[in-house]
Amino acid sequence: MLNLQTSRREPMKLDPIGDWRRTHYSVEIRPELDGQEVILFGWVQEIRDLGGIRFIILQDREGTVQITIPRKKVCSEVLSKSDALQKRYSIGVKGIVKKTEITPRGVEVIPKEIRIFSTATPQLPIDITGKVPAQLEVRLDARALDLCREENIAIFKIQHTAVEAIRSFLFERGFIEVHTPRIIASATEGGAALFPVDYFERKAFLAQSPQLYKEQLVISLEKVFEIGPFFRAEESHTRRHLSEFVSIDIEQAFASAEDVMQLLEQLMQHTCKVVREKCQKELATLNHQVNVPDIPFKRFTYDQLLEDLKKEGIEIPWGEDIPTPAFRTLGKIHPYFYFITDWPTRSKAFYIKPTDNNPEICEGFDLMWRWIELSSGGTRIASKELLIKRLREKGLNPESFKYHLQAFDYGMPPHAGWAIGLERLTMMLTGKKNIREVTLYPRDKFRLTP
RNA sequence: GCCCUGGUAGUAUAGUCCGGUCUAGUAUAGGCGGCUGUCGCCCGCCCGACCCGGGUUCAAAUCCCGGCCAGGGCGCCA
């Protein structure tokens, strides 16, 4: 239901920000600042009013700090402003830092002036202090507010740190960041379903992968990467699928699967290391640990894993994809990062290169973390002739790929690449078990809002 | 798309098997009042709910059917 009411009581006189500028974030208020005047901006998270003394917990992006208002020691303007405060009001506080033994952080701020920038509805849809947990559905319906919770801020700071680590890692190794089209013409590219869109008078689709474009770019830019959203109109309704997800894609000229696997495991180690070091506070908030994995990661062939599964009583006919319950079993046997290599050619995409001495097997790989597929990649086919053959074998029409295929007339080098699902990576880094928790505004078959 | 489980105040839950003292209990949030060191503050009072539609019955939150929605699982998944 739409809440058209902006404020519960008579319209409150709001304050302008004026010449106030933030001097410190909440967490920067430390006992060493004792006696110093500071300006804080943020939101009221909690109010504990004991009558003669009132405690306001001010929250900002970085954390919280206690504002203490002793009734008889502050001026009447501060008192009346603090009387009006409610949870989630956006406020500014100018005050004096006071070192204290009584408060857990050893510091509080005694206000000299309070400015109220914005009010909030009194009955919030979820409990922002986390005393009464709400279900994910309720939280997602009130996502803008839900994202104010410390736990969620921690999740997205970790994701940000990971993306930053990945970008700088790839920049250092000479990869060029690119942006390929989200709107594409053809629906004939393969298995996964596409979302149709109206493109002027024509039908177009939302891209499900940058695969073909990044391959074309290796003949010019050689080493490219892209971080961006892609779309899959699948029926999937699981804890690890979204209709819109963020993919981290690389493609590298003059390289093989083994080269990009080494790059990938180094990147994973690097990312875990950076997150572990930079996000200690966030990981503590989430009560989660990130361990830095040793490299190289274990490499298992498809055949080896079929043997493992056989021992567990799960028989999979050779050539079939590994079903989800079997992956869960593998995750129990191998509770760490591992590669799966030597997949049957028929179980992988048309552009994955079959091995030279046995075309039944291909040079595709998956990077698993326990039972979750974090990344998949491989050596690509560089020969136009072979690519056309593989398209036909997959029941695809080479004519639909003519613009892609033309790149193979202009000196397509041997090349390889992979793609990481950012949200799945974030699940691993945060310990969250539902992909919707690590997505700001998740899109799935049933959810299109907010 | 299929299977299982569920849908009770803003939120989270009890009650559902075995229909009737359910005028629907509790916690938290919200409103009002009190309290000078709280940090899940405390105390008192108040407000507030049985997903929608149909059926069975003297009587339905409770049983049956359909729908919608959610969680989990499966399938689908360059």
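None of the values given here were measured: they were computed from a predicted structure. Numbered from 1 within each chain, the chains take letters A, B, ... in sequence-line order.
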_Test salt bridge (charged side-chain N to carboxylate O under 4.0 Å, His left out) on A/K432 and A/E151; report intermediate values, then the result._
CA-CA 11 Å; A/K432 290 293 158 192; A/E151 188 192 3; 2.5 Å; yes
Check your understanding: Would one find more than 12 heavy atoms of other residues, nucleotides or ligands at under 6.0 Å from atom CD of A/E360?
Key ->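 At most 12 heavy atoms, drawn from other residues, nucleotides or ligands, come within 6.0 Å of this atom.
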How about A/F350 and A/F401: are their ring centres within less than 6.0 Å of each other? yes
Query - Close aromatic pair by centroid cut-off 6.0 Å: A/H404 and A/F408 - result: yes
Provide, to the nearest angstrom, the distance between the [atom1] atom belonging to [X] and the [atom2] atom belonging to [N].
X	N	atom1	atom2	result
A/D127	B/U13	CG	C1'	14 Å
A/Q123	B/C46	CD	P	18 Å
A/E150	B/C39	CD	C1'	13 Å
A/L145	B/G30	CG	C1'	15 Å
A/F55	B/G40	CZ	P	13 Å
A/R88	B/G30	CZ	C1'	17 Å
A/I56	B/G37	CD1	P	16 Å
A/E46	B/U28	CD	P	13 Å

### Query
Got a salt bridge between A/D34 and A/K98, using NZ or NE/NH1/NH2 to carboxylate O under 4.0 Å?
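Salt bridge absent between A/D34 and A/K98.
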Presence of salt bridge, A/R139 and A/E437, under 4.0 angstrom | yes
With rounding to the closest Å, how many angstrom separate the [atom1] atoms on [N] and [M]?
N	M	atom1	answer
B/U23	B/G15	C1'	15 Å
B/G67	B/C42	P	47 Å
B/U26	B/C65	C1'	33 Å
B/G53	B/U13	P	24 Å
B/A27	B/C77	C1'	43 Å
B/U62	B/C2	P	26 Å
B/A29	B/A9	C1'	11 Å
B/U36	B/C47	P	28 Å

Closest nucleotide among [options] to the [X] side chain:
X	options	answer
A/R48	B/C41, B/U11, B/G75	B/C41
A/H241	B/G75, B/A12, B/C76	B/C76
A/E137	B/C41, B/A70, B/G37	B/A70
A/K131	B/U28, B/G30, B/U13	B/U28
A/P122	B/C41, B/G31, B/C76	B/G31
A/V132	B/U28, B/G31, B/C41	B/U28

The single option from A/K214, A/Q252, A/E215, A/R380 that satisfies side-chain hydrogen bond (donor to acceptor under 3.5 Å, both in side chains) with A/H415 is A/E215
Check: Do A/E234 and B/G75 have a side chain to base donor-acceptor pair shorter than 3.5 Å?
Finding: no
Assess whether one donor atom and one acceptor atom, taken from the side chain of A/Q66 and the base of B/U38, lie less than 3.5 Å apart.
->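 Per atom types, the contact qualifies.
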Please determine if a side-chain N or O atom of [X] lies less than 4.0 Å away from the OP1 or OP2 oxygen of [N].
X	N	answer
A/Q135	B/U13	yes
A/T324	B/G75	yes
A/R328	B/G73	yes
A/Q86	B/G31	yes
A/H237	B/G71	yes

Is [N] paired to anything, Watson-Crick or G-U wobble with both distances less than 3.5 Å, and if yes, which nucleotide?
N	value
B/C63	B/G55
B/U16	none
B/C45	B/G31
B/G71	B/C4

Which part of the nucleic acid, if any, lies within contact of [X], taking any heavy atom under 4.0 Å across all strands shown: a base, the sugar-phosphate backbone alone, or nothing?
X	result
A/T238	base
A/S376	nothing
A/Q211	base
A/E108	base
A/I102	base
A/K72	base

Sequence neighbours excluded, the answer for side-chain contact (heavy atoms from CB on, under 4.5 Å) partners of A/V107 is A/I29, A/P31, A/V97, A/R105
Nucleic acid contacts of residues 424-450 of chain A, taken as heavy-atom distances under 4.0 Å to RNA chain B: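 Correct list: A/N434, A/K445, A/F446.
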Taking for A/P70 and for A/I322 the nucleotide of RNA chain B with the nearest heavy atom, the one nearer the 5' end belongs to A/P70
Point to revise | RNA chain B: 5'-proximal contact among A/A134 and A/I57 (nearest heavy atom) | key: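 On the 5' side of the pair lies A/A134.
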- Could you list all the side-chain hydrogen bond (donor to acceptor under 3.5 Å, both in side chains) pairs where at least one residue sits in residues 313-323 of chain A, not counting sequence neighbours?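 Residue pairs with at least one partner in residues 313-323 of chain A: A/D303-A/W318.
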>> Could you tell me if A/K223 sits above the aromatic ring of A/F175, with its cationic atom closer than 6.0 Å to the ring centre and no more than 45 degrees from the axis?
In response: yes
Intermediate values then yes/no, side-chain contact (heavy atoms from CB on, under 4.5 Å), A/R447 and A/E137: CA-CA 10 Å; A/R447 182 173 286 277; A/E137 182 202 4; 3.9 Å; yes
